[in-house]
**Q** 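Below you'll find the structure I mean.
Both counts, for ligands and for their atoms, begin at 1 and track the order of listing. All figures in this text were calculated on a predicted structure; none of them were measured in a lab.
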Amino acid sequence: MAAENILPEHFTTEKMDRLFLVTALITTCWAVPRDLSGKMFTFPKESDTDHVKLWPKAENYTSVTVCLRYFTDVKRSYSIFSMATPTSTNDFLLFKQINSDLELHVRQVGSTFTGLADEKNMWNAICGTWDSANALIQIWINGKPSVRKLGYKGSVLHGKPIIVVGQEQDTYGGKFDKGQSFIGQLSDVHMWNYVLSPCEIQRFTSNLNYTPGNVLNWRSLEYTIYGLVIVENKQTFCQE
Ligand SMILES: *[C@@H]1O[C@H](CO)[C@@H](O)[C@H](O)[C@H]1NC(C)=O
């Protein structure tokens with residue numbers, strides 16, 4: 001009788017453990033990091049809704065580098081990377097102007113960079129950096145550096161970030177403007193909480209061995225898609 005009592009009890013505990021594990025997996029599934037190597041986000045239409053939120057692995061940054069690749073034919077202004085915190089909607093913003101100039105905003109302090117050529121209907125590599133040690137900001141397009149300019153003079157970008165691609169945040173996590181939305185493809189989105197050396201930026205640009213982002217890593221990315229954004233393989237010229 002005693003042996004019979006122990007067995008069912010043991011069985012039940014094991015079954016409940018398994019049930020708990022399965023439930024935990026289902027409820028946290030959306031936040032599981034995914035490897036997006038060789039893939040891209042496709043934003044196929046203009047809207048003030050379609051976007052992807054990227055969930056960072058760290059917060060409170062004393063320096064920042066963001067690198068990604070984009071492919072578009074948009075002529076008007078558009079957002080490339082929009083990070084907001086509760087106290088600053090443009091905490092780290094890469095933005096393309098209608099005249100092709102690029103803007104980098106850090107904690108609401110924005111600068112314009114002129115004469116950096118990217119190409120329409122081609123993959124372009126962009127990196128933006130901010131260093132709290134000297135408050136300097138810089139942009140790199142396809143391996144070519146911009147002027148180094150004075151940006152936000154502060155020691156840390158603090159607060160829980162909301163990072164959006166596809167739209168530009170005018171409030172913390174929202175108030176998108178269709179006239180600033182991104183249409184086209186994005187890939188290889190990485191973010192570091194330090195400034196990459198010029199060599200590392202060149203390695204990212206050439207897609208050679210580079211250290212993936214420790215804040216956002218395209219090879220292990222937690223993200224949530226809102227609206228129509230398609231994750232698909234990057235196209236090569238010949239795919240069979
Ligand atoms: C980031 O900074 C905020 C405000 O200074 C603080 O409340 C929060 O705990 C910090 N987060 C981390 C992960 O250190």
**Q** Can a cation-pi geometry be assigned to K149 and F113, taking NZ or CZ under 6.0 Å from the six-membered ring centre and within 45° of the ring axis?
**A**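 Yes.
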**Q** Looking at atom 5 (O) of ligand 1, what's its closest protein heavy atom, distance included?
**A** H158 CB, 4.2 Å
**Q** Looking only at protein heavy atoms, identify the closest one to atom 13 (C) of ligand 1 and say how far it is in Å.
**A**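 Nearest neighbour among protein heavy atoms for atom 13 (C) of ligand 1, to 0.1 Å: E59 CG, 3.7 Å.
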**Q** Just checking, K39 and W218: is the charged tip under 6.0 Å from the six-membered ring centre and within 45° of the axis?
**A**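 No.
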**Q** Give a yes or no on whether atom 7 (O) of ligand 1 lies under 4.0 Å from any heavy atom of the protein.
**A**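 Protein heavy atom within 4.0 Å of atom 7 (O) of ligand 1: absent.
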**Q** Less than 6.0 angstrom from the centroid, inside 45 degrees of the normal: does R69 satisfy that with respect to the ring of F204?
**A**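 Judged by the rule, R69 and F204 form a cation-pi pair.
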**Q** Any atoms of ligand 1 less than 4.0 Å from a non-hydrogen atom of N60? List them with their elements.
**A**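 Matching atoms, with element in brackets: 1 (C), 2 (O), 3 (C), 8 (C), 10 (C), 11 (N), 12 (C), 14 (O).
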**Q** Would you give the length of the straight line joining atom CG of N214 to atom OH of Y194, rounded to the nearest 0.5 angstrom?
**A** 5.5 Å
